[in-house]
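Presented below is the structure to which this report refers.
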Amino acid sequence: MKTRILLLTILSIFATNAFAWDGDVTGTVVEYNLVVGNAGNYDLRILLTGLPVMCSNGPNWAYVNTSEANYNATLAAVMIAKTTNSKIRFLATKDTAGYCHIGWVVVAS
């Protein structure tokens, strides 16, 4: 019984940390910027209508870098959302520099 309680406690700690986002923002894309020439310099930057803060005490934009596995899919989702004026949801974490790094994207009509 003690082992089961300990296991459940450990699992709940890891589950909480795994879903700890600093930002959960939904809106329409007002602008996206592509930074060229310096890979890893917040390569795709996204701003939403009304310029909401994208993560706790962060800026009003969020980013993903070209070196990340889902960069192309994220860029495509942002372009589609902008073109169709669809709502898009970003979940982000604040990086060590204080910027909002996109970790999850949802496009809805």
- prompt: Going hydrophobic residue to hydrophobic residue with side-chain gaps under 4.5 angstrom, can you get from V105 over to L47?
  reply: no
message: With a 4.5 Å cut-off on side-chain heavy atoms, are M54 and N60 touching?
response: no
- prompt: How many angstroms lie between atom CD1 of I80 and atom CG of L75, to the nearest 0.5 angstrom?
  reply: 9.5 Å
- prompt: What about V107 and W104, same hydrophobic cluster or not, with Ile/Leu/Val/Met/Phe/Trp/Tyr joined at side-chain heavy-atom distances under 4.5 Å?
  reply: no
message: For G58 versus V53, what's the shortest heavy-atom pair and its separation?
response: O-CG1, 3.3 Å
- prompt: Do you reckon I102 sits in the same ILVMFWY cluster as W61, going by side-chain contacts under 4.5 Å, direct or chained?
  reply: no
Between E31 and N33: side-chain donor-acceptor atoms closer than 3.5 Å: yes
query: Taking the side chain as C-beta and beyond, is there a heavy-atom pair between L48 and V29 under 4.5 Å?
result: yes
message: Donor-acceptor check, side chain of K82 to backbone of V30, threshold 3.5 angstrom: yes or no?
response: yes
message: Tell me whether D95 contacts the main-chain N or O of G98 through its side chain, where contact means a donor paired with an acceptor under 3.5 Å.
response: yes
message: Does Y42 form a ring pair (Phe, Tyr, Trp, His ring centres under 6.0 Å) with Y99? I'd like the steps, not just the answer.
response: CA-CA 9 Å; Y42 314 106; Y99 297 109; 4.8 Å; yes
message: Does any part of the side chain of L34, heavy atoms only, come nearer than 4.5 Å to the side chain of L44, both counted from C-beta?
response: yes
message: Side-chain heavy atoms nearer than 4.5 Å, only ILVMFWY residues, links allowed to pass through others: does that put Y32 and L91 together?
response: no
field: Backbone of K94 reached by a side-chain donor or acceptor of D22 within 3.5 Å
entry: yes
- prompt: What closest approach, in Å, do N38 and D43 show between heavy atoms, and which atom pair accounts for it?
  reply: O-OD1, 3.4 Å
statement: Correct closest heavy-atom pair for S86 and T28 would be O-CG2, 3.8 Å
message: Does any part of the side chain of F90, heavy atoms only, come nearer than 4.5 Å to the side chain of V78, both counted from C-beta?
response: yes
- request: Kindly compute the distance separating OG (S56) from CG (D24), expressed to the nearest 0.5 Å.
  value: 12.0 Å
- prompt: Do you know which two heavy atoms are closest between P52 and V25, and how far apart they sit?
  reply: CG-CG1, 3.7 Å
